[in-house]
4 protein chains.
Amino acid sequence: MIIKIDEYSDVPIYMQIRNQIVMGISSGDLAPGEQLPTVRALALEMGINTMTVSKTYQLLKQEGYIFTDRKNGARVRETINKSGTVSDENKNELKRIVSESRLSGVSKEDLVKLIDEFY
Amino acid sequence: MIIKIDEYSDVPIYMQIRNQIVMGISSGDLAPGEQLPTVRALALEMGINTMTVSKTYQLLKQEGYIFTDRKNGARVRETINKSGTVSDENKNELKRIVSESRLSGVSKEDLVKLIDEFY
Amino acid sequence: MIIKIDEYSDVPIYMQIRNQIVMGISSGDLAPGEQLPTVRALALEMGINTMTVSKTYQLLKQEGYIFTDRKNGARVRETINKSGTVSDENKNELKRIVSESRLSGVSKEDLVKLIDEFY
Amino acid sequence: MIIKIDEYSDVPIYMQIRNQIVMGISSGDLAPGEQLPTVRALALEMGINTMTVSKTYQLLKQEGYIFTDRKNGARVRETINKSGTVSDENKNELKRIVSESRLSGVSKEDLVKLIDEFY
DNA sequence: GTGGTCTAGACCACG
DNA sequence: GTGGTCTAGACCACG
């Protein structure tokens, strides 16, 4: 799985990595139980500091996506909490995206197509 | 139109206001040509710095949502650029939201319902 | 409010500070809405790194005890989430403490007295 | 007596085992004089490193909960030191737990009930 | 002035 | 070998 940093983005590096790992888990690129690269390996590969990667792993751990194990490093959790609901923050974001897209002349059908594509 | 700041949110104040104005334009709460409150008036009303409101208006202007003229202050543009496409940033955000929601056990249908509701 | 670090403790510094702030909020030493020292001030006062204090504030923020505001720094939240239940982790800890104390010959009444004192 | 490791917990494995053995002694599941499994046996049974179990037994021995002799391996001590007091560390922990629970809206009575249940 | 992010580098406990 | 913590120092966005 390839992780790419957009250095011009306003999204902090540790969050960009976090987002891509979450998307990787969702798409199946990262299977349950699969080991993530070590903090050092990922930092080296991406040319960033280990602290930054560490921050990402701490966040993913706290969110329940991964767990760490001193023997095996970081691994994807087998069972991820299924609340069954979209978080309030994500609802707000979604509303913003729909509003902006609508103003840009995007049809509802095109948005649904994107949902279809990403799901 | 009422603008509400979430003081606990990580989203900067100027961006929260920007987002709510864009959503207001999209929903029709703010009609094309309608005048926005002056920077001073809005800052006073919301108990925030004028610099913050000014930043919001600058951004909205630059994004093509509003225009300013010396006589009438800031007004909603009559014609907003209709690219007909979802911006790359919004596509990325949408993908992230879909991934997270999917992992939380949200069905595709529920996401489509939200699009329906917000559009 | 005075925060003291035990440099011989196994509990990380950022967690020791976090614990003392939580206890300060619970006891009323830190009132709702009250401003915490700035990251820099606290770091200087305690002779530790700003990053360490920053980690504490991030944690307290994520746990819902405080919020940060670029104008006013970090402040105690007015409303803290009331689940009404003891967390599983705290239950486990409590069970461990009760077991150890019991083996040391501490009576149930003495433990209840401590609860009384700390509540 | 069954020992269970929570692989998602931040508590080190050797400490999780230690805690469960102490709670086992307190509850009577492990009687005074009773023999504990050998380091090898327990490590094999739990699928962990012998070094980890060894560390647990060293700690329990140093704390005065068990003793070892070459012939019979590790056994629960007949007489455990009865200081009659709660250790400073446990007092601190208890205070932290009470503070957090109180802030979560847990009543004093509910905490006392837990003491009652665990004692 | 404030918190947030990041680097380069170090040391430590766990296993 | 692994993640976790910490330092000293820097720069940035927000307000």
Side-chain angles (χ1 to χ4, degrees), chain A residues 5 7 9-17 35-44 46-61 66-75, chain B residues 5 7 10-17 43 46-56 59, chain C residues 5 7 9-17 35-44 46-61 66-75, chain D residues 5 7 10-17 43 46-56 59:
Chain A
I5 298 297
E7 59 178 326
S9 168
D10 282 339
V11 181
I13 297 175
Y14 78 89
M15 192 58 87
Q16 290 189 40
I17 306 177
Q35 197 181 329
L36 298 175
T38 67
V39 167
R40 285 167 180 77
L42 191 52
L44 193 68
M46 313 199 57
I48 59 175
N49 199 277
T50 54
M51 273 282 280
T52 306
V53 179
S54 186
K55 204 167 180 173
T56 299
Y57 282 16
Q58 289 276 311
L59 179 58
L60 287 164
K61 190 169 118 181
I66 68 171
F67 68 104
T68 56
D69 170 332
R70 289 214 175 75
K71 199 155 68 187
N72 299 301
R75 286 188 290 156
Chain B
I5 297 297
E7 61 176 334
D10 278 336
V11 180
I13 296 174
Y14 84 94
M15 191 59 87
Q16 290 189 40
I17 305 177
M46 313 196 57
I48 59 177
N49 207 306
T50 54
M51 220 184 53
T52 308
V53 179
S54 181
K55 204 166 186 169
T56 301
L59 180 59
Chain C
I5 297 297
E7 59 179 326
S9 167
D10 281 339
V11 181
I13 297 174
Y14 78 89
M15 191 59 86
Q16 290 188 40
I17 305 177
Q35 197 182 328
L36 298 174
T38 67
V39 167
R40 284 167 180 79
L42 190 52
L44 192 70
M46 314 198 56
I48 59 175
N49 199 278
T50 54
M51 273 283 281
T52 306
V53 178
S54 185
K55 204 169 181 172
T56 300
Y57 281 17
Q58 288 277 312
L59 180 58
L60 287 165
K61 190 169 118 181
I66 68 170
F67 68 103
T68 56
D69 170 332
R70 288 209 176 79
K71 199 155 66 187
N72 300 300
R75 286 188 289 157
Chain D
I5 298 296
E7 62 175 334
D10 278 335
V11 180
I13 297 175
Y14 85 94
M15 191 58 88
Q16 290 189 40
I17 306 177
M46 312 196 57
I48 59 177
N49 206 308
T50 54
M51 219 183 54
T52 307
V53 180
S54 181
K55 204 166 186 170
T56 300
L59 180 58

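Here is the naming used below: chain letters follow the sequence lines, and residue numbers restart at 1 for every chain. Small disclaimer: the values here were computed from a predicted structure and weren't measured.
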Please identify each residue that fulfils ring pair (Phe, Tyr, Trp, His ring centres under 6.0 Å) with B/Y14, with sequence neighbours left out.
none
With sequence neighbours left out, the residues meeting side chain to side chain donor-acceptor pair (under 3.5 Å) with A/D69 are A/N72, A/R75
Which distance, rounded to the nearest 0.5 Å, do you find between the CD1 of B/I13 and the OG1 of B/T52?
6.0 Å
Who pairs with A/D10 by side chain to side chain donor-acceptor pair (under 3.5 Å), at least two apart in sequence or on another chain?
none
When you match A/T52 and C/K61 each to their closest nucleotide on DNA chain E, which lands nearer the 5' end?
C/K61
Applying side chain to side chain contact (heavy atoms under 4.5 Å, CB included), name anything that partners A/R40, two or more places apart in sequence or on another chain.
A/T38, A/T50
Residue met sooner reading DNA chain F from 5', once A/M51 and B/M15 are mapped to nucleotides:
A/M51
Which residues pass the side chain to side chain contact (heavy atoms under 4.5 Å, CB included) test with B/M51, not counting sequence neighbours?
B/N49
Could you work out, with side chain to side chain contact (heavy atoms under 4.5 Å, CB included) as the rule, every residue matching A/S9, not counting sequence neighbours?
A/D6, A/V11, A/Q16
Residues passing the side chain to side chain contact (heavy atoms under 4.5 Å, CB included) test with A/L44, sequence neighbours excluded, are none
Chain D footprint on DNA chain E, 5' to 3' - any atom under 4.0 Å from a heavy atom:
E/dC14 to E/dG15
If one requires at least 3 consecutive Watson-Crick or G-U pairs with distances under 3.5 Å, the stems of DNA chain E turn out to be E:1-14 with F:1-14
Given DNA chain E, 5'-ward residue of the pair A/K71 and C/R40, judged by closest heavy atom:
C/R40
Which is true for B/I48 with a 4.0 Å heavy-atom rule: it touches a base, it touches only sugar-phosphate, or it touches nothing?
nothing
The residue, B/V11 or A/T68, whose nearest nucleotide of DNA chain F is more 5′ is A/T68
Assign A/S54 to base, sugar-phosphate, or nothing according to its heavy-atom contacts below 4.0 angstrom with the strands shown.
base
